[in-house]
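Here's the structure we're looking at; comments come further down.
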Amino acid sequence: MKLWLAKDNGVPIKEQLATQILLGIASGDISPGDKLPSRAELARRFDIHENTVSNAYRVLTERGLVEFRSGAGFYALGYFARTNKKDLASLAARFYSEAISMGYESADILRAVNYCAAAGKGNDYVVVEEDPALREIMIQEVRSRSGARVTGIHPLQIDAWKEAKCEFLALEDEKPRLGETIPTCRFLRVNSVTDALKSAARPSADALIAVVSGWEGFLKYSQTMLAAAAIDADSIVLRLTSEKDWKRGLDSASIIICDSLTASLLPESEKIRVFPIIASDSIEEI
């Protein structure tokens, strides 16, 4: 397994390590059952404290992506090994409580759920994703690359959509949570970080690189990839599209790395590099 860690680039080593292993599992670069490097081995390889590696593995273990086998070390489980059952009542309670805390009235919540149930009947695909920014990116990718009618919902809205004549789509890491709730859901692989690094031309040392997205996770993952490519942190500008004047200064960037949805908000330019979230082979299967 190839790992790239860069110190003093603004991303904690623990996050770099956990993120790369997570993306490796999600993309299939790391298969279920693969043995991961030991804490001592990674500490020696990258000249970091063993506790840093332990913290990264603990995060992955808590997410059910990695398990420790006594006397043998750490192994990748993959997304199919986890189970995280929640009954409908608890899901509904969580959704209702969150909506109320955001200031919505009970009647408004009910109308929204009913609207979603009705709206689902006119779509070919429904993207199920908790993070609204990531959900919009996934909708854009599926819609633009398949030509299908696509909408998106929060996982807590699933029950209201079960009678809709559509196919549900979600990222691979949602399988433990949604696999039993929606047996027919199609789970999509995320793009491989390794493949992205192989196909990307290395920018010049003085190039200013802008990473732009509406999803904070995209900024973090892109920053990790650039760190893996030994790009100086001072050469990277991060922009979240929800921020005011997020386009300011982008003209001075030599390269603009963005997701497909953000690319549609920018004027066409040769310096724009679009990094899809969903792997091409998963889109082709739709």
Exercise. Report the C-alpha separation of W161 and F168 in whole Å, then their side-chain angles, then the decisive distance to 0.1 Å, and conclude whether the side chain to side chain contact (heavy atoms under 4.5 Å, CB included) test is met.
Key: CA-CA 10 Å; W161 286 71; F168 292 95; 3.9 Å; yes
Quiz item: Run the side-chain hydrogen bond (donor to acceptor under 3.5 Å, both in side chains) check on S213 and R239 step by step: do they pass?
Solution: CA-CA 7 Å; S213 179; R239 290 289 174 82; over 6 Å; no
Exercise. I would like to know whether Y57 and L36 meet side chain to side chain contact (heavy atoms under 4.5 Å, CB included); could you show each step before the answer?
Key: CA-CA 10 Å; Y57 277 158; L36 301 176; 3.4 Å; yes
Quiz item: Given V126 and L169, is the side chain to side chain contact (heavy atoms under 4.5 Å, CB included) satisfied, shown in steps?
Solution: CA-CA 6 Å; V126 174; L169 305 174; over 6 Å; no
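Contacts of T262 classified as side-chain hydrogen bond (donor to acceptor under 3.5 Å, both in side chains), with partners at least two apart in sequence or in another chain: D259. Every residue was checked against the salt bridge (charged side-chain N to carboxylate O under 4.0 Å, His left out) condition with E15, not counting sequence neighbours, and none meets it.
A donor-acceptor distance shorter than 3.5 angstrom exists from the side chain of N55 to the backbone of N51, with no hydrogens or angles considered. When atom types are taken as modelled, the side chain of K14 and the backbone of S54 share no donor-acceptor pair closer than 3.5 angstrom. Of the possible donor and acceptor atoms, none in the side chain of S282 sits under 3.5 Å from a partner among the backbone N and O of I278. Between the side chain of K271 and the backbone N or O of A253 there is at least one donor-acceptor pair closer than 3.5 Å. With hydrogens and angles disregarded, a donor-acceptor distance shorter than 3.5 Å links the side chain of R135 to the backbone of E129.
By the 4.5 Å heavy-atom criterion applied to side chains, I277 and L188 are not counted as neighbours.
Cluster membership check: I236 does not share its hydrophobic cluster with L250, using side-chain heavy-atom separations under 4.5 Å among Ile, Leu, Val, Met, Phe, Trp and Tyr. Placement of L42 and V59 in two distinct hydrophobic clusters is found when ILVMFWY residues are connected by side-chain heavy-atom separations under 4.5 Å, directly or transitively.
Salt-bridge check for R177 with E174: passed, with a basic side-chain N closer than 4.0 Å to an acidic carboxylate O. With respect to E243 and R248, no salt bridge is recorded, no charged nitrogen being found less than 4.0 Å from a carboxylate O.
Every pair passing ring-ring contact (aromatic ring centres under 6.0 Å, His included) that includes a residue from residues 220-273 is listed here, sequence neighbours excluded: W215-Y221.
A side-chain contact (heavy atoms from CB on, under 4.5 Å) with Q223 holds for exactly one of L238, I231, I257; it is L238.
The nearest pair of heavy atoms linking P176 to D173 is CD-O, 3.5 Å.
Relative to the six-membered ring of F68, R39 meets both conditions, a distance below 6.0 Å and an angle of at most 45° to the axis.
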